[in-house]
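Quantities reported herein were computed from a predicted structural model and do not represent experimental measurements.
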Amino acid sequence: LLERTAVLLDREGMVEDAVALYADATDWPALESLILREAPGLLRQGRWKTVIEWSGRLPHSRLDAHPWLLVWTGKALIPIDQKAARAHLTLAFDRFVEAGDRDGQLVAIAGIVWTHYFEAFATESMDRWIEPLERLLAEGGSFGSPAIELSAYSAFQLVTMFVKPSHPLLHPSALRLIDLLDSDVDVNERVSAAAFLVQYLDLVAQFELAMRVIDKVDRITRTPDLSPVGLVSWYTNRGYHFYITARYAEAMETLDGAVRLAREHRLPQGEFSAHVFRAFSAAIENDVSTGLDAVRAQEKLLLPMWRVSVA
């Protein structure tokens with residue numbers, strides 16, 4: 001009876017009620033299918049807590065055996081617990097290796113790299129992911145979707161620009177990402193990739209290309225209901241671009257927006273990064289009051305897991 005009621009609720013769009021009944025009935029296959037179907041959309045809406053709650057109803061053995069469930073749960077955990085997210089995504093990667101699933105491996109690695117970004121590259125090194133990314137990208141052939149291609153090249157760019165900045169494929173990857181920003185990939189994924197992309201282009205002084213990316217993304221960020229996680233990262237790197245190109249008023253306006261959004265959604269890592277660049281901009285402008293405010297805010301936000309906290 002519970003299973004039949006859950007099926008009816010699911011068909012009527014009462015998904016959360018269906019989840020509870022599937023769990024009560026221990027109908028794990030049905031619950032797994034529902035989570036796999038709904039998780040991507042929930043994450044696009046910024047509802048990572050819902051994904052965590054639903055997957056938490058599954059027995060650990062069921063979750064650990066299913067790599068795509070591990071992926072969605074790992075991605076959901078990224079904003080709030082990077083170590084747990086990395087554990088889920090690393091196990092997913094191992095499962096995908098066993099299955100010979102190239103796309104799955106790329107998606108898992110991309111998520112792992114994103115956890116390092118949130119931790120300001122702390123704790124564990126990203127070096128180990130360069131080789132599998134090189135190997136998987138060198139296999140050639142088509143990707144399962146433009147979204148997978150975008151996440152793969154974005155992860156490759158992020159890990160190599162800090163760990164191996166002279167890599168010969170780094171700049172070609174950036175150029176491919178610029179093209180993919182015009183694809184029909186979910187806007188949140190494009191915004192997140194663009195944040196890394198602008199950061200790289202600024203590091204190599206390709207300011208015109210960086211501004212080209214900013215113009216593209218400024219158009220798509222007018223879309224309502226963007227995930228705050230990627231948006232905070234985007235505003236922070238957009239603000240950094242204006243800082244290093246001596247457009248300080250625009251830099252501060254953008255960074256202040258990143259801080260407000262990060263505070264609203266309780267994203268301390270994002271707020272910390274924005275304050276770093278606020279302090280830089282204030283110093284250039286000899287704005288002592290704003291600079292001290294940014295530094296004090298950083299002090300309050302420092303977490304033991306970050307290397308910067310013990311530097």
Side-chain angles (χ1 to χ4, degrees), residues 6 10 13 15-23 27-119 129 132 136 143-152 154-155 158 185-193 225-231 233 265 267:
D10 193 3
V15 180
E16 295 196 26
D17 292 328
V19 167
L21 285 184
Y22 281 138
D27 189 347
W28 307 129
L31 180 55
E32 289 166 355
S33 296
L34 187 152
I35 294 171
L36 290 170
R37 186 191 73 215
E38 298 291 332
L42 290 169
L43 292 180
R44 284 194 293 270
Q45 297 167 28
R47 296 178 60 192
W48 58 81
K49 292 180 182 178
T50 300
V51 177
I52 295 167
E53 179 189 345
W54 290 2
S55 64
R57 292 175 177 267
L58 292 167
H60 290 302
S61 59
R62 303 282 309 195
L63 179 62
D64 291 351
H66 202 305
W68 283 108
L69 285 172
L70 288 165
V71 162
W72 299 125
T73 305
K75 284 191 169 189
L77 284 163
I78 290 173
I80 58 174
D81 189 340
Q82 293 79 45
K83 286 189 176 181
R86 196 151 51 242
H88 282 74
L89 290 161
T90 302
L91 182 55
F93 174 78
D94 293 339
R95 296 281 187 263
F96 286 131
V97 169
E98 293 168 3
D101 186 335
R102 173 178 178 253
D103 284 343
Q105 292 173 63
L106 289 169
V107 170
I109 294 174
I112 292 165
V113 170
W114 187 235
T115 69
H116 285 286
Y117 179 82
F118 259 79
E119 281 189 335
W129 300 109
L136 292 164
F143 295 86
S145 68
I148 292 172
E149 183 180 8
L150 181 137
S151 65
S154 183
L158 181 60
V185 174
D186 174 68
V187 64
N188 288 297
E189 295 183 41
R190 284 183 283 156
V191 168
S192 295
D225 301 324
L226 282 171
S227 169
V229 178
L231 206 51
S233 178
H265 294 278
L267 299 169

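When all heavy atoms of Gly111 and Ile78 are compared, the pair lying nearest together is O-CD1, 3.7 Å. The nearest pair of heavy atoms linking Ala85 to Leu77 is CB-CB, 3.7 Å. In this structure, Ala18 and Leu34 approach most closely via the heavy-atom pair CB-CD1, 4.1 Å. Nearest heavy-atom pair across Trp72 and Val51 is O-CG1, 3.8 Å. Nearest approach of Ala108 to Phe96, heavy atoms of both residues: CB-CD1, 4.3 Å. Minimum interatomic distance between Val191 and Gly230 (heavy atoms only, all atoms of both residues): CG1-O, 3.8 Å.
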Set out, in order, the CA-CA distance, both residues' side-chain angles and the distance that settles side-chain contact (heavy atoms from CB on, under 4.5 Å) for Trp48 and Leu42, then state yes or no. CA-CA 7 Å; Trp48 58 81; Leu42 290 169; over 6 Å; no

What verdict does the side-chain contact (heavy atoms from CB on, under 4.5 Å) test give for His116 and Arg86, after you've listed the backbone C-alpha separation in whole Å, the side-chain angles of each residue and the deciding distance to 0.1 Å? CA-CA 9 Å; His116 285 286; Arg86 196 151 51 242; 3.7 Å; yes

Candidate pair Val71 and Trp68, rule side-chain contact (heavy atoms from CB on, under 4.5 Å), full reasoning: CA-CA 5 Å; Val71 162; Trp68 283 108; 4.1 Å; yes

Let me see the working for Ser233 and Trp114 under side-chain contact (heavy atoms from CB on, under 4.5 Å), right down to the final yes or no. CA-CA 11 Å; Ser233 178; Trp114 187 235; 4.3 Å; yes

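Identified under the side chain to side chain donor-acceptor pair (under 3.5 Å) test for residues 88-109, with sequence neighbours left out: none. Residue pairs meeting the side chain to side chain donor-acceptor pair (under 3.5 Å) criterion with at least one member in residues 51-61, sequence neighbours excluded, are Ser55-Thr73.
Proximity of a side-chain donor or acceptor of Asn188 to a complementary backbone N or O of Ser227 within less than 3.5 Å is detected. For the pair Arg190 (side chain) and Val185 (backbone), a donor-acceptor distance under 3.5 Å is present.
With a 4.5 Å cut-off on side-chain heavy atoms, Ile148 and Ser145 count as touching. Residues Leu136 and Ile109 are in side-chain contact: their nearest non-hydrogen atoms beyond the backbone lie under 4.5 Å apart. No side-chain heavy atom of Ser151 sits under 4.5 Å from any side-chain heavy atom of Leu106.
Separation of atoms CD1 (Ile112) and CG (Leu89) is listed at 5.5 Å; rounding is to 0.5 Å. From Glu38, atom CD reaches atom CZ of Arg47 across 9.0 Å, with rounding to the nearest 0.5 Å. Rounded to the nearest 0.5 angstrom, Ile52 CD1 and Lys75 NZ are separated by 14.0 Å. Rounding to the nearest 0.5 angstrom, the gap separating the CG atom in Leu31 from the CG atom in Leu36 is 9.5 Å. Taken from CD in Glu32 to CZ in Arg62, the straight-line distance is 4.0 Å, to the nearest 0.5 Å. Note: Leu58 CG to Leu63 CG = 6.0 Å, rounded to the nearest 0.5 Å.
Scanning for ring-ring contact (aromatic ring centres under 6.0 Å, His included) contacts around Trp129 gives Phe93, with sequence neighbours left out.
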